[in-house]
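Here, residue 1 is the first one in the sequence, and each next residue gets the next number.
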Amino acid sequence: MKAIEKKEAIGLIKKAPIVYRYLPEGLQKDRDVAIAFIKSNTPYVDAYYEAVMEGKRTSSETRECKTSSVMRTDNADLFRNGIPTHYPKILGDFTKDAEIMALLGATRMHEVIDFTDENYDERVVSKAIGKGPFLVGPLFEYWYDRLARDKKTGDYIRTKYELTTDDSLFIVTAFKCLEVIDTGTGSHDDAYAALFMKCNSFRSEAFYGNENDNVSAGYVSFFLDYRKEAARIFRVFPVEKQNELAGRYHFLAGLMKPDGLNPELAEIIAKNCPIARQILPDEYILRYDLKRDPEHSDCTKCEKCSFRHILIV
């Protein structure tokens, strides 16, 4: 049987990205073939997760939850020609290629990336993260692990950003990610937003694990003790973007200038968010007579800041 040629493989992938999974390993590792797959498969990934989110929105209204197998059956056409989930792990081998990292980091396919001391190249990540903001996820995971054993870098970050020795590993990791983003090329806006999202989801995941106390303390500290820095970064976004993000993650409203906050959004937060008093400016606290809820000291019970967030990261 004649071996498939690279040009033929790329042509087939553009028609049906699922072909990539069945190619010889040598072709899967070819840079041009991998790029063709990522670009061709992205619409399938986006379509599937849009269907998933629509299913979750419908479930919240009907209170009938669809299982993953049902979701797959309902979207079987996407799986015939594409790979909407469980992406080829071999893509994670391209950590030294900024273009491929940017392409992966712009989609859910970033899940294949697992940075290690051996494959991590900060120059590549910094170059790619502006176009691939979801690289923030594996970046945060990597540095959270590494800083626990890399005292030199930890001390450097504490000194550079004037952190204290009491600041948690969570805080140092967040600022290390900020450093990588800030030294990168292109727009930082989406990467900043992705970092906020990662901080929130990381905290939510830790809520159910053994590291809850340390991560929770760091999470609260980031938005309270370092609120000025957090707000400075967040306010880089246009006011419309700030309101859009705050509409999705209510705790971000606390980082906005009072006159920039949409009054309609403020009303929604006031009426629905358990920690609205901690988030909203004084005028809204008075207008809606907001009280502090002792059972909700942080965002763990607000679906706009925690559970809903996990669904779309």
Side-chain angles (χ1 to χ4, degrees), residues 28-39 41-42 45 87-161 163 169-203 205 215 218 222 226 229-230 232-234 236-237 312-313:
Q28 290 188 40
K29 288 185 175 181
D30 183 273
R31 182 177 187 274
D32 295 331
V33 174
I35 289 174
F37 167 73
I38 297 168
K39 290 182 176 179
N41 196 53
T42 294
V45 175
Y87 318 110
K89 297 295 184 182
I90 201 168
L91 294 172
D93 293 343
F94 289 93
T95 56
K96 303 292 187 179
D97 190 306
E99 182 180 358
I100 292 181
M101 285 293 98
L103 289 172
L104 289 173
T107 79
R108 276 185 170 267
M109 286 182 278
H110 73 272
E111 294 172 6
V112 302
I113 301 171
D114 181 21
F115 291 125
T116 66
D117 291 348
E118 289 70 34
N119 69 23
Y120 179 75
D121 188 325
E122 190 153 301
R123 290 172 299 178
V124 170
V125 177
S126 181
K127 184 177 180 180
I129 206 165
K131 294 181 179 179
F134 292 120
L135 288 176
V136 166
L139 178 70
F140 191 101
E141 297 283 351
Y142 170 68
W143 278 108
Y144 189 80
D145 173 73
R146 176 169 165 175
L147 287 169
R149 49 188 170 75
D150 185 351
K151 185 176 184 299
K152 181 178 180 180
T153 301
D155 289 344
Y156 162 74
I157 293 297
R158 290 178 191 276
T159 299
K160 179 175 181 177
Y161 291 99
L163 309 180
L169 179 60
F170 179 94
I171 286 287
V172 183
T173 302
F175 276 91
K176 174 58 188 176
C177 290
L178 280 177
E179 180 189 51
V180 176
I181 294 170
D182 286 340
T183 56
T185 57
S187 172
H188 297 160
D189 288 7
D190 289 340
Y192 285 145
L195 179 58
F196 279 117
M197 296 157 84
K198 181 60 183 178
C199 286
N200 195 45
S201 65
F202 195 83
R203 183 265 175 274
E205 292 158 8
V215 174
F222 186 59
Y226 296 99
E229 180 69 13
R232 180 190 68 80
I233 295 168
F234 188 64
V236 167
F237 306 150
I312 65 176
V313 170

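Between Y144 and F140, the two ring planes are parallel [angle under 30°; tilted spans 30° to 60°].
Of the N and O atoms on the side chains of T42 and T107, not one donor lies less than 3.5 Å from an acceptor on the other residue. Side-chain contact annotation: D114 with Y142, donor-acceptor N/O pair under 3.5 Å absent.
Contacts classified as salt bridge (Lys or Arg N to Asp or Glu O under 4.0 Å) and involving residues 180-191 (residues at least two apart or in different chains) are not found.
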For this session: Please step through side-chain contact (heavy atoms from CB on, under 4.5 Å) for the pair Y156 and K160, ending with a clear verdict.
Result: CA-CA 6 Å; Y156 162 74; K160 179 175 181 177; 3.6 Å; yes
For this session: Could you check D121 against K127 for side-chain contact (heavy atoms from CB on, under 4.5 Å), going step by step and ending with a plain yes or no?
Result: CA-CA 10 Å; D121 188 325; K127 184 177 180 180; over 6 Å; no
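Partners of D30 by salt bridge (Lys or Arg N to Asp or Glu O under 4.0 Å), not counting sequence neighbours, listed by chain and number: K6. By the salt bridge (Lys or Arg N to Asp or Glu O under 4.0 Å) test, K39 is found to be paired with no residue, residues two or more places apart in sequence or in another chain being considered. By the salt bridge (Lys or Arg N to Asp or Glu O under 4.0 Å) test, D155 pairs with K151, sequence neighbours left out.
Under the 3.5 Å distance criterion, the side-chain polar atoms of T153 are left unmatched by any main-chain donor or acceptor of D150.
Across all non-hydrogen atoms, the minimal contact from K198 to G137 is CE-O, 3.8 Å. When all heavy atoms of I129 and A191 are compared, the closest pair comes out as O-CB, 4.1 Å. Closest heavy-atom contact between R108 and V45: CB-CG1, 3.8 Å. The two residues P88 and V112 have their closest heavy-atom pair at O-CG1, 3.7 Å. The two residues H188 and I181 have their closest heavy-atom pair at NE2-O, 3.2 Å. V125 approaches F115 most closely through the heavy-atom pair CG2-CZ, 3.6 Å.
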Which donor-acceptor pairs under 3.5 Å do the side chains of residues 94-104 make with protein atoms, sequence neighbours left out?
from	atom 1	to	atom 2	distance (Å)
T95	OG1	N119	O	3.0
D97	OD1	E99	N	3.1
D97	OD1	I100	N	3.1
D97	OD2	R31	NE	2.5
E99	OE1	R31	NH2	2.6

Side-chain donor-acceptor pairs under 3.5 Å in residues 169-177, sequence neighbours left out?
from	atom 1	to	atom 2	distance (Å)
T173	OG1	L169	O	2.8
K176	NZ	E122	OE1	3.3
K176	NZ	E122	OE2	3.1
K176	NZ	E179	OE1	2.7

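Using a 4.0 Å cut-off between charged nitrogen and carboxylate oxygen, D93 and K89 do not count as a salt-bridge pair.
L91 has its side chain out of reach of H110: every pair of non-hydrogen atoms, C-beta onward, lies at least 4.5 Å apart. L139 is listed as a side-chain neighbour of Y120, based on a closest heavy-atom distance under 4.5 Å. Side chains of I157 and Y161 form a contact here, defined as non-hydrogen atoms less than 4.5 Å apart.
Atoms CG and OH, from L178 and Y192 in turn, are 6.5 Å apart once rounded to the nearest 0.5 Å.
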